[in-house]
Amino acid sequence: MPDVAAIKAALAAQEIETPSWAYGNSGTRFKVFAQPGVPRTVTEKIDDAAVVHRFTGVAPSVALHIPWDAVDDYTDLAAYAKDRGVRIGAINTNVFQDDDYKLGSVTNPDSGIRRKATDHLLEAISILDATGSRDLKLWFSDGLNYPGQDDLRDRQDRLAAALRETYDRLGEHQRILLEYKLFEPAFYATDVPDWGVSYAHCLELGSRATVCVDTGHHAPGTNIEFIVAFLLRAGRLGAFDFNSRFYADDDLMVGAADPFQLFRIMYEVVRADALDPSAGIAFMLDQCHNIERKIPAIIRSVMNVQEATAKALLVDRAALSAAQQAGDVLAANAVFMDAYSTDVRPLLAEVRQELGLDPDPVAAYHRSGYFERIVADRVGGTQAGWGA
Ligand code: LRH
Ligand code: MN
């Protein structure tokens with residue numbers, strides 16, 4: 001029998017980090033559709049993140065992206081967030097939007113441009129120092145569009161040199177999350193294209209270099225839960241960038257396109273006893289709400305992660321292990337599917353009520369009138385976006 005009390009305690013303690021940029025406008029190369037009520041400033045993004053936490057109870061931190069969220073005083077900003085019941089989480093660097101980075105940032109053939117990019121990474125660590133954040137999240141758009149355009153091996157040497165300098169600057173309680181991505185914006189070769197390359201660089205750097213698994217960054221058909229299981233076993237899974245996709249890096253609501261995959265991923269986390277925040281895995285959303293209302297979409301996304309987690313916690317581990325040991329393929333699969341087929345919404349409603357929250361966060365948000373208020377207040381100024 002599942003230990004329901006332990007499962008509810010684990011769900012109540014879950015922490016899911018929301019991304020500041022998901023509260024702003026985003027789109028595709030075809031169009032960015034502006035929406036009413038969108039934040040204009042990082043403090044308004046933090047206000048919205050605080051609302052997501054207020055209604056879900058499990059989203060106590062917000063990731064920042066620099067320079068989209070740049071301010072003069074990050075200690076002040078951290079205090080602002082604290083006043084609103086959230087904390088500043090991962091600091092995301094941005095070496096993908098400057099004209100100088102057309103042929104690469106830290107991998108660029110030009111040493112002056114590499115210097116500029118590396119200095120941005122080092123500056124981001126000063127922001128960690130100021131906000132008290134632990135995680136420096138590095139994603140490099142660096143890559144090639146045509147064979148021969150540059151030397152694949154030289155670029156790895158340049159990348160390794162920049163990572164080394166950045167790693168050596170980390171404070172004692174800080175770490176690197178090295179995110180990989182198969183393609184886009186580069187369409188022939190990406191310098192950190194997959195988990196293996198990220199993992200190899202992390203091993204070269206040291207124990208405080210870990211891999212960030214963005215669920216939208218793999219080739220179609222990739223078994224992501226295998227990657228998760230492998231990295232957890234190696235102690236090098238640092239974080240997730242959760243979202244979902246039907247085709248490429250669509251950045252849709254996590255669990256929307258493939259809730260079964262999310263369940264399989266969260267099962268490997270539970271199986272490795274890595275769900276609790278003390279295990280050090282950062283569960284972050286990285287999404288773009290191009291056409292849907294942003295705050296309810298993020299609340300829904302948090303709920304999707306909770307539902308996948310609850311189902312993973314309900315897997316009858318003893319029965320599963322017995323069937324696996326017996327080589328009973330169908331029985332083992334049945335145990336797994338039983339958990340996945342369980343309606344966990346009543347259980348999560350109870351968890352929320354025990355946290356003093358409304359059992360239906362999305363409905364509670366709509367009843368709160370927050371959206372109407374921000375539409376009325378946030379008039380004028382420039383809505384936040386990717387600044388591209
Ligand atoms: C790159 C990425 C990365 C962020 C960006 C917003 O595709 O996943 O994590 O910097 O999206
Ligand atoms: Mn990402």
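Any value given below was found using the heavy atoms of this structure, including those in side chains, with hydrogens, waters and symmetry copies removed. In each ligand, atom 1 is the first atom listed, and ligand 1 is the first ligand listed. We're numbering straight along the sequence, starting at 1.
If you look at Phe336 and Tyr267, their ring centroids are closer than 6.0 Å. Between Phe96 and His120, the gap from one ring centroid to the other reaches at least 6.0 Å.
Of the possible polar contacts, none joining the Arg169 side chain to the Leu121 backbone as a donor-acceptor pair under 3.5 Å is found.
Residues Leu178 and His201 are in side-chain contact: their nearest non-hydrogen atoms beyond the backbone lie under 4.5 Å apart. In this structure, Leu64 and Leu77 have side chains that are in contact, with non-hydrogen atoms separated by less than 4.5 Å. The side-chain heavy atoms of Phe55 and Ser368, taken from C-beta on, include a pair separated by under 4.5 Å. Proximity of Trp21 to Lys45: side-chain heavy atoms (C-beta onward) are nowhere separated by under 4.5 Å.
Screening residues 166-188 for ring pair (Phe, Tyr, Trp, His ring centres under 6.0 Å) gives Tyr180-His218 as the qualifying pairs, with residues at least two apart or on separate chains. Identified under the side chain to side chain donor-acceptor pair (under 3.5 Å) test for residues 319-341, with sequence neighbours left out: none.
Protein N/O/S atoms closer to the Mn ion (ligand 2) than 2.8 Å number 4 in this structure.
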I'd like a table of the close N/O pairs between ligand 1 and the protein (anything under 3.5 Å), one pair per line with both atom names and the distance.
| residue | atom | partner | partner atom | Å |
| --- | --- | --- | --- | --- |
| ligand 1 | 7 (O) | Lys181 | NZ | 3.1 |
| ligand 1 | 7 (O) | His217 | NE2 | 3.3 |
| ligand 1 | 7 (O) | Asp249 | OD2 | 3.1 |
| ligand 1 | 8 (O) | Glu179 | OE2 | 3.1 |
| ligand 1 | 8 (O) | Asp214 | OD2 | 3.0 |
| ligand 1 | 8 (O) | His217 | NE2 | 3.2 |
| ligand 1 | 8 (O) | Asp286 | OD2 | 2.7 |
| ligand 1 | 9 (O) | Lys137 | NZ | 3.1 |
| ligand 1 | 9 (O) | Glu179 | OE1 | 2.6 |
| ligand 1 | 9 (O) | Glu179 | OE2 | 2.9 |
| ligand 1 | 9 (O) | Asp241 | OD2 | 3.0 |
| ligand 1 | 9 (O) | Asp286 | OD2 | 3.0 |
| ligand 1 | 10 (O) | His65 | NE2 | 2.8 |
| ligand 1 | 11 (O) | Asp286 | OD2 | 3.3 |

